[in-house]
2 protein chains.
Amino acid sequence: MNLTAAEENYLKAIYHLSDGASKSVSTNDIAAEMKTKPASVSDMLRKLGEKEVINYRKYYGVNITPEGKKLALQTIRKHRLWEVFLVEKLNFAWDEVHEVAEELEHIQSPLLIQRLDAFLNYPKFDPHGDPIPDEFGDVKARPRIPISEMEIDQSGQIVAVKDSSAAFLRYMDKVGAYIGARVKILDKVEFDGSVEILVDQKKSIFMSKDVASNILAVQS
Amino acid sequence: MNLTAAEENYLKAIYHLSDGASKSVSTNDIAAEMKTKPASVSDMLRKLGEKEVINYRKYYGVNITPEGKKLALQTIRKHRLWEVFLVEKLNFAWDEVHEVAEELEHIQSPLLIQRLDAFLNYPKFDPHGDPIPDEFGDVKARPRIPISEMEIDQSGQIVAVKDSSAAFLRYMDKVGAYIGARVKILDKVEFDGSVEILVDQKKSIFMSKDVASNILAVQS
DNA sequence: TTTTGGGTTTAGGTTAGTCTAAAAATAAGT
DNA sequence: ACTTATTTTTAGACTAACCTAAACCCAAAA
């Protein structure tokens, strides 16, 4: 099954909106996500339905099919591998990679992706800490919780941020937090939920609850 | 000036057909090169003319403008940088890179190309020995001659092949010749023009005139 | 100088992806 | 259950890039 770049983008959006499950997604939501008009979405849904990558019943939203899910995960895999490449090899900053990866992900060449994966040493997570599906679409999921929900004295590793806006990523950089950092909860303020964490056993950072709930970690 | 992928491809073709100069090129030739129909070419020429990257006078062929030449060289630069990447970093073979580079060259990101260039250590030639234009469109040209035209005992370095078909590139690999190899002419047979060369001061290769005139070298 | 043939352009049609405006279906409130 | 509000779809139009078939230009040969 071959999809155009636009079809790949819609499918990816549908996959994301259905939280990776086959939850039903509305036309309006897709239009918002894709920054197109609902009319354009209807058109595209008909096409994707015909290609059987989604189940489409007029007026009732769509569900992604197993086939569609596999294709969406392929695109996500490509996107995230390119992000790793851009950050690790070409020294892009976190907040510069998305647009470019959005273009690179549509290059059609299984061999390219296979070789890129090897070149990058088979990374399991992208620079934002999101897992990279393998070539069969399998994802190594780790239970990730916001550090605002960890207990005092618990340790873990930062693996992702929820809001990966440029502003937030710059904040992360500035305070010295980063994906992969080992952290330990030093203190939590009951009153406002702010927390103090120790990064890499040396640097202590104090942050508001808002910030802390934006940073996801796996416990260890 | 922003060009679509198709426009970039046409411009590149026109540039190639005019031998890098502003020689006039015919609609039919462009159609052949692009594997499209003459009618489609006419359409495109009108558009490129309006964008002033070519001078287009109906029925009289086209000339590339200085602006067009600069854009064509940008695309060629991107194509060749990606080829270097594919061969040197991802271990692609010579004959596997073209199609993929053809897609990659259309990614729009000056920063990406800048960083890629640095990552590859500012290469001056692609894996086929063709020169990589710099960001201003300047090309380091070296006088290249087929090794069939070198004299006995002359030395040089292989920098390109004329016919870079998969078959020929495989032949090169097989006999141990490659872009960058230092060669010396050991013998030339008057009768049929075949030559014997010494590669890297150790391996001797015997080849027909046909083959020898396909391999370009710079003398040293 | 007129004919003829090859190259080139125009006319009109197709597909992908988008849009606006209007119609239709569903959902919600009384 | 009926009317209204919201969501969704259709209808019709646009652009980019292609196509085929027909018309057109130009130049070379008779």
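Atom set for the values below is all heavy atoms of this structure, side chains included, hydrogens, waters and symmetry mates excluded. Below, read A as the first sequence line, B as the second, and so on, with proteins coming before strands; counting in each chain starts at 1. Bear in mind that the values here come from a model prediction, so they are computed numbers and not experimental data.
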Report the distance from atom [atom1] of [X] to atom [atom2] of [N], rounded to the nearest whole Å.
{"X": "B:Leu45", "N": "D:dC18", "atom1": "CG", "atom2": "P", "value": "12 Å"}
{"X": "A:Ile30", "N": "C:dT18", "atom1": "CD1", "atom2": "C1'", "value": "16 Å"}
{"X": "A:Glu7", "N": "C:dT15", "atom1": "CD", "atom2": "P", "value": "15 Å"}
{"X": "A:Tyr10", "N": "C:dA16", "atom1": "OH", "atom2": "P", "value": "14 Å"}
{"X": "A:Tyr60", "N": "D:dT8", "atom1": "OH", "atom2": "P", "value": "12 Å"}
{"X": "B:Lys51", "N": "D:dA16", "atom1": "NZ", "atom2": "P", "value": "8 Å"}
{"X": "B:Glu8", "N": "D:dA16", "atom1": "CD", "atom2": "C1'", "value": "15 Å"}
{"X": "B:Lys58", "N": "D:dA23", "atom1": "NZ", "atom2": "C1'", "value": "13 Å"}

Using a heavy-atom distance cut-off of less than 4.0 Å, which residues of residues 33-43 of chain B contact DNA chain C?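 Heavy-atom contacts with DNA chain C come from B:Pro38, B:Ala39, B:Ser42.
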Under a 3.5 Å cutoff, is there a donor and acceptor pairing between the side chains of A:Ser165 and A:Asp163?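 On atom types as modelled, these side chains qualify, holding a pair under 3.5 Å.
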Side chains of A:Ser208 and A:Asp210: donor-acceptor distance under 3.5 Å anywhere? no
Write out all pairs satisfying side chain to side chain donor-acceptor pair (under 3.5 Å) with one or both partners inside residues 31-40 of chain B, taking only residues at least two apart or from two chains.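 Found B:Tyr10-B:Thr36.
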Which pairs pass side chain to side chain donor-acceptor pair (under 3.5 Å) with one or both residues in residues 55-64 of chain B, sequence neighbours excluded?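 Checked against side chain to side chain donor-acceptor pair (under 3.5 Å) - neighbours excluded - no pair reaches residues 55-64 of chain B.
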With sequence neighbours excluded, residues passing salt bridge (charged side-chain N to carboxylate O under 4.0 Å, His left out) with A:Glu105: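 For A:Glu105, the residues satisfying salt bridge (charged side-chain N to carboxylate O under 4.0 Å, His left out) (neighbours in sequence not counted) are A:Lys12.
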By side chain to side chain donor-acceptor pair (under 3.5 Å), which residues pair with B:His16, not counting sequence neighbours?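 With neighbours one apart ignored, the set is empty.
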Tell me, please, which residues at least two apart from A:Ser42 pass side chain to side chain donor-acceptor pair (under 3.5 Å).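 Side chain to side chain donor-acceptor pair (under 3.5 Å) check on A:Ser42 returns nothing, list empty.
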Tabulate below the donor-acceptor pairs under 3.5 Å that side-chain atoms of residues 108-118 of chain B make, not counting sequence neighbours, or state none.
unit_1	atom_1	unit_2	atom_2	d
B:Ser109	OG	B:Leu112	N	3.1
B:Arg115	NH1	A:Leu90	O	3.2
B:Arg115	NH1	A:Asn91	O	2.8
B:Asp117	OD2	B:Arg77	NH2	3.2

Using the 3.5 Å cut-off, write out each protein N or O paired with an N or O of nucleotides 5-7 of chain C and the distance between them.
none

What residues, two or more places apart in sequence or in another chain, satisfy side chain to side chain contact (heavy atoms under 4.5 Å, CB included) together with B:Glu67? B:Met1, B:Val53, B:Thr65, B:Lys70, B:Leu71
